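Quick note: numbers below take in every heavy atom, side chains included, and nothing from hydrogens, waters or symmetry partners. Just so it is clear, the model here is predicted, and its values are computed rather than measured. FYI, the numbering just counts along the sequence from 1.
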Amino acid sequence: MTVETIYILRHGFRLNWVTTNWKSATGLPRDPPLAAFGETQAKEVADHFLSLPEDQRPTIIFSSPYYRCLQTAKPTSAALGIPIYVEHGLSEWYSPVAPGTGLHPRPGPASALQAFFPEIDPAWSSVYYSSRRGEDVDGVHARAAGALAALVPEVARRFPPAQHARVLLVSHAATTIALARALLGRREMPLRIACCSLSMFERAEGGSGWAARVLGDGSHLKDGPQRDWGFEDIEIADGKVVHDHGVPGTEDEKDEPVGSQIVELPSRM
């Protein structure tokens with residue numbers, strides 16, 4: 001059975017939006033955890049999924065490797081009794097690095113992150129990696145489309161038939177928007193995504209393409225949508241997204257792996 005339903009969830013409210021006095025649990029730069037409010041939001045998401053009929057609940061979770069996304073996925077994993085698989089193709093969007101400033105951070109492999117989140121099953125190897133040199137707006141959209149094109153068929157290939165018709169992807173605002181646009185084939189679709197807001201897509205009739213049932217919905221959250229973001233919020237200079245600095249000390253590191261890790265992509269997403 002192919003994947004028939006895709007849920008996409010943005011992570012919860014970040015601690016660095018509340019205070020500058022925070023520490024990365026993994027030691028990775030730019031990897032803040034959730035604030036207490038964000039943890040509450042994540043639990044509300046889990047309660048929402050638990051309230052659905054069993055045949056509507058996700059049976060598998062793929063999460064960005066960033067700590068806040070794994071924290072967001074954790075309550076749903078516990079409530080539904082399903083593992084979390086780490087997928088680097090769902091990672092944070094960073095704008096291109098300024099020349100000579102090194103590379104953007106990249107979280108460790110699933111086997112290392114499992115020490116922080118026992119719910120992680122390290123058996124899944126990521127199907128896609130973003131470049132540590134960053135991406136422009138076209139780049140993050142290309143990455144989202146490429147990750148979906150690799151991920152959806154791989155779920156059907158790697159797991160027993162009929163096991164996972166409904167998947168949950170946990171990601172970041174920009175990546176979530178790019179994923180939604182890729183599924184719908186609407187590159188310029190206006191969309192803003194709030195913390196722990198949920199989107200739902202089902203295969204269109206006939207099995208070709210996807211239809212949105214819900215986009216950026218926050219009705220399951222007690223305090224409603226918070227801290228929404230859209231691509232119209234990015235900083236532009238001379239018609240291009242403003243470059244960001246890499247992490248000091250990474251100037252000589254290699255930017256690999258990058259892109260699809262699937263040798264031959266199946267034809268159907």
Side-chain angles (χ1 to χ4, degrees), residues 5-19 21-26 28 30-52 54 56-93 107-108 110 113-122 124 164 166-177 179-180 191-201 214-229:
T5 302
I6 297 176
Y7 293 99
I8 306 180
L9 175 70
R10 184 189 176 191
H11 62 75
F13 205 93
R14 293 160 49 158
L15 182 58
N16 66 314
W17 293 336
V18 178
T19 177
N21 185 25
W22 64 273
K23 182 179 179 181
S24 169
T26 62
L28 185 76
R30 306 176 194 169
D31 192 19
L34 297 179
F37 178 56
E39 293 184 76
T40 297
Q41 289 178 313
K43 291 175 183 176
E44 290 172 346
V45 171
D47 290 342
H48 168 70
F49 280 126
L50 202 57
S51 74
L52 298 178
E54 192 168 351
Q56 294 180 22
R57 301 172 187 171
T59 59
I60 188 170
I61 301 172
F62 291 97
S63 174
S64 158
Y66 282 84
Y67 199 85
R68 56 192 176 276
C69 287
L70 294 166
Q71 274 186 294
T72 301
K74 182 181 175 75
T76 295
S77 170
L80 301 186
I82 58 178
I84 300 171
Y85 294 96
V86 172
E87 177 48 58
H88 280 258
L90 303 175
S91 289
E92 177 68 289
W93 174 49
L113 294 170
Q114 191 183 33
F116 303 94
F117 299 94
E119 298 83 2
I120 291 175
D121 185 338
W124 177 269
H164 297 303
R166 300 174 302 279
V167 306
L168 169 62
L169 310 181
V170 184
S171 189
H172 310 261
T175 310
T176 293
I177 294 170
L179 289 167
L191 183 60
R192 297 186 66 83
I193 295 294
C195 291
C196 275
S197 62
L198 189 64
S199 299
M200 175 187 176
F201 305 84
V214 175
L215 281 174
D217 179 60
S219 62
H220 53 283
L221 302 171
K222 179 183 175 183
D223 293 313
Q226 302 282 331
R227 195 90 182 198
D228 66 327
W229 186 92

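Of all heavy-atom pairs spanning Thr72 and Cys196, the tightest one is CG2-SG, 3.9 Å. Across Ile193 and Ser199, no two heavy atoms sit closer than the pair CD1-OG, 4.3 Å. For Asn16 against Pro32, the heavy-atom pair with the smallest separation is OD1-CG, 3.4 Å. In terms of heavy-atom proximity, Ile8 sits nearest to Ala180 at CD1-N, 4.4 Å. The two residues Leu90 and Ser171 have their closest heavy-atom pair at O-OG, 2.7 Å.
Of the possible donor and acceptor atoms, one in the side chain of Arg166 sits under 3.5 Å from a partner among the backbone N and O of Arg57. Of the possible polar contacts, none joining the Thr175 side chain to the His172 backbone as a donor-acceptor pair under 3.5 Å is found.
Defined by atom type and a distance below 3.5 Å, a donor-acceptor pair is missing between the side-chain atoms of Thr19 and Asn21.
Applying the side-chain contact (heavy atoms from CB on, under 4.5 Å) criterion to Ile82, with sequence neighbours excluded, gives Ile61, Leu80. Partners of Trp124 by side chain to side chain donor-acceptor pair (under 3.5 Å), not counting sequence neighbours, listed by chain and number: Glu87. Judged as a ring-ring contact (aromatic ring centres under 6.0 Å, His included), and not counting sequence neighbours, the contacts of His220 are His48. Here Asp228 pairs with Arg192 under the side chain to side chain donor-acceptor pair (under 3.5 Å) rule; sequence neighbours left out. Legend: residues meeting salt bridge (Lys or Arg N to Asp or Glu O under 4.0 Å) with Glu119, ordered by chain and number and at least two apart, are Lys74. Judged as a side-chain contact (heavy atoms from CB on, under 4.5 Å), and not counting sequence neighbours, the contacts of Pro225 are Ala194. Applying the salt bridge (Lys or Arg N to Asp or Glu O under 4.0 Å) rule to Glu92 yields the partners Arg14, Arg68; only residues at least two apart in sequence or on another chain are considered. For the side-chain contact (heavy atoms from CB on, under 4.5 Å) test, residues two or more places apart in sequence or in another chain that qualify with Asp121 are Pro83, Tyr85, Ala123. With sequence neighbours excluded, no residue forms a side chain to side chain donor-acceptor pair (under 3.5 Å) with Asp223. Scanning for side chain to side chain donor-acceptor pair (under 3.5 Å) contacts around Tyr67 gives an empty result, with sequence neighbours left out.
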Donor-acceptor list for residues 33-42 side chains, cut-off 3.5 Å, not counting sequence neighbours:
residue, atom, partner, partner atom, Å
Thr40, OG1, Ala36, O, 3.2
Gln41, OE1, Phe13, N, 2.9

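Between His11 and Tyr66, the gap from one ring centroid to the other reaches at least 6.0 Å.
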